[in-house]
Amino acid sequence: MSVWRIQGGYPLEGTMTIQGAKNAVLPVLAATVLTGCETELTNVPALRDVEASLNILRWLGCQVQRQGDVVRVDSRNAGRSDIPAALMREMRSSVIFLGAVLGRFGAASLSLPGGCELGPRPIDLHLAAMERLGARVECEDGEIRAAAPVLRGAVIGLPLPSVGATENAMIAACAAKGTTVITGAAREPEIVELQGFLRAMGADMDGAGTGTITVRGFEPRQRVGWRVMPDRIAAATVLCACACAGGDVELRGADPAHFVCVTDTLAAMGAEMTVKSRRVRIRCREELTGGQTIITRPYPGFPTDAQPLMMAASLKAAGRTVFVENIFSGRYRQAEQLRRLGADIRVAGRMASVTGVQTLRGARLRAEDLRGGASLIIAALGAEGESAVIDTAGHVERGYDGLDAALAALGAHIDRSEN
Ligand code: EPZ
């Protein structure tokens, strides 16, 4: 269990380099087992979800080494095609190993990742994509069994742009004979990143970032090197923290094109934003103004992961800020906790309405999911007095690498202890 103690009321000042992206490195790590090769990844963030992925790779028979932000995976001797429930449970998105294991071994058995704090996490689109490639898929008692002596290229039409299903389809399609076309694909920057990595592994693939991805073939390379992209949601987290606590912060390394919805929204709320190719600066000298309607959509729409973060940034913004959450049903869990700080939030189904208040007062809060936990930390920075964010399941450490130290370096009075 982690306890984050925060003394609010101190503006954030300084510069910060953004960590490697959680939602980019997880599918890349899964893909390393697609063929027998030696991979070296750099800028790998220190996250619980990364550790969970490395443990799965070790279980499958890979040699895995980690030194600082460098991870080396030697998958030449991998030999297992099953992932036990205990390892699958360690990470919400462990289903991302399905395509790589099936593509490598012609079979895969893993347990359903189950629901999570955000609500049900169905994987029907993942399984349908594997079946389109010729796999026989059975699902019973929470276990998935897929078998495909041979995978054959196919047209995979995704009825909704699922990030994970797109990634599983891209990875498995590399092992298929013939061409695969994925239509209705997710367009997130992490999809483009995965295409880059699979190309580095030897894939003949293009279209990532558009709705249609084509995989023509795969000539595996023996040695692969890759640097993980910066985390656009970690960037949004620090920007929203500065919007809530005030100050002047410059982010380095992140590509602002990946989170333009967030920077545009903060600018519309009155933050002074300076956006350059790999630098974003935010200055907030006085309270922001509300009036925005923030509707989460698949990329390039406003990212669902940044909705709780922007909600925290809007708590003291004069006027009303309206949120519409279209991706996950359980994405307003932080509202009840934010009210303990004195926030005025009304939730009705997929809509939430925030009316800005003059003052937030420190309180004892409970983190119940990754981005919801981050939103509590952001709000506590902008509250008067001391707050404690109790994170019994270590949700925040799943996605943030040293967030406490990074915020402290910017002037926040924050201390995280492990109990
Ligand atoms: C990825 O989750 C991210 N996780 C999430 O980030 C992110 O919120 C989400 O994409 C949306 O951008 C990783 O990349 C590891 P989806 P994923 O499949 O792939 C429905 C965070 O905080 N759906 O795009 O699981 C699903 O219920 C995490 O970093 C199906 O119906 O998301 C949801 O409503 C949280 N059937 C919608 O699609 C399926 O088979 C989008 O889900 C799959 C998904």
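In each ligand, atom 1 is the first atom listed, and ligand 1 is the first ligand listed. Throughout, numbering of the chain's residues begins at 1 and tracks the sequence.
- When heavy-atom distances to ligand 1 are checked against a 4.0 Å cut-off, E167 has no atom that comes that close, whether in backbone or side chain.
- Proximity of V163 to ligand 1, defined as any heavy-atom pair under 4.0 Å, is shared by backbone and side chain alike.
- Remark: L360 CG to R340 CZ distance equals 14.0 Å, nearest 0.5 Å.
- Atoms of ligand 1 lying under 4.0 Å from any heavy atom of T304, numbered from 1 in the order shown and given with element: 8 (O), 11 (C).
- Between S375 atom OG and R371 atom CZ the span is 11.0 Å, to the nearest 0.5 Å.
- Under a 4.0 Å criterion applied to the non-hydrogen atoms of I123, ligand 1 contributes the atoms 39 (C), 40 (O).
- Of all the atoms in ligand 1, the ones that sit under 4.0 Å from a non-hydrogen atom of K22 are 21 (C), 29 (O).
- For atom 15 (C) of ligand 1, the closest non-hydrogen atom on the protein side is N23 OD1, 3.3 Å.
- Of all the heavy atoms of L160, the ones lying under 4.0 Å from any atom of ligand 1 belong exclusively to the side chain.
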Stepwise, does the side chain to side chain contact (heavy atoms under 4.5 Å, CB included) test hold for T212 with I182?
CA-CA 5 Å; T212 302; I182 306 165; over 6 Å; no

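- Of all heavy-atom pairs between I191 and A208, the closest is O-CB, 3.8 Å.
- In terms of heavy-atom proximity, R92 sits nearest to R398 at CG-NH2, 3.5 Å.
- For the residue pair Y299/R232, the side-chain donor-acceptor check at 3.5 Å is not satisfied.
- At a 3.5 angstrom cut-off on N or O pairs, D305 counts as close to ligand 1.
- The distance from ligand 1 to the heavy atoms of R371 drops below 4.0 Å at these ligand atoms: 21 (C), 22 (O), 29 (O).
- Between the side chains of R72 and Q67, at least one donor-acceptor pair of N or O atoms lies under 3.5 Å.
- When each atom of ligand 1 is checked for a heavy atom of H126 under 4.0 Å away, the hits are 40 (O).
- A distance of 11.5 Å separates CZ in F323 from OG1 in T304, rounded to the nearest 0.5 Å.
- In terms of protein heavy-atom proximity, atom 17 (P) of ligand 1 is nearest to R121 NH2, 3.8 Å.
- Checking each of I377, V262, I378 against L309 for a side-chain contact (heavy atoms from CB on, under 4.5 Å) leaves exactly one that passes, namely I378.
- With respect to atom 32 (O) of ligand 1, the closest heavy atom belonging to the protein is F328 CZ, 4.0 Å.
- What sits closest to atom 30 (C) of ligand 1 on the protein, heavy atoms only, is P122 CG, 3.4 Å.
- Side chain of R221 to main chain of A200: a donor-acceptor pair is present (N/O by atom type, distance under 3.5 Å, no hydrogens or angles).
- In the vicinity of G164, heavy-atom distances shorter than 4.0 Å reach the ligand 1 atoms 18 (O), 19 (O).
- A side-chain donor-acceptor contact under 3.5 Å links E193 and W226.
- Atom 44 (C) of ligand 1 has its nearest heavy-atom neighbour, among A186, S329, P161, S162, in S162.
- When heavy-atom distances to ligand 1 are checked against a 4.0 Å cut-off, L125 comes that close through both its backbone and its side chain.
- Looking at D124 against ligand 1, both its backbone and its side chain come within 4.0 Å, counting heavy atoms.
- Shown in contact with S93 at under 4.0 Å from a heavy atom are these atoms of ligand 1, numbered in order with element: 15 (C).
- Residue-level proximity to ligand 1 for Y299 is absent, since no heavy atom of it falls below 4.0 angstrom.
- Contacts between R331 and ligand 1 below 4.0 angstrom, taking non-hydrogen atoms only, involve the side chain exclusively.
- Checked by atom type, the side-chain pair H126/N168 shows a donor-acceptor distance below 3.5 Å.
- Those atoms of ligand 1 with a heavy atom of I327 less than 4.0 angstrom away are 33 (C), 34 (O), 41 (C).
- Each of Q307, E325, R350 was scored for a side chain to side chain donor-acceptor pair (under 3.5 Å) with T296, with one residue passing: E325.
- Neither the backbone nor the side chain of A165 comes within 4.0 Å of ligand 1, counting heavy atoms alone.
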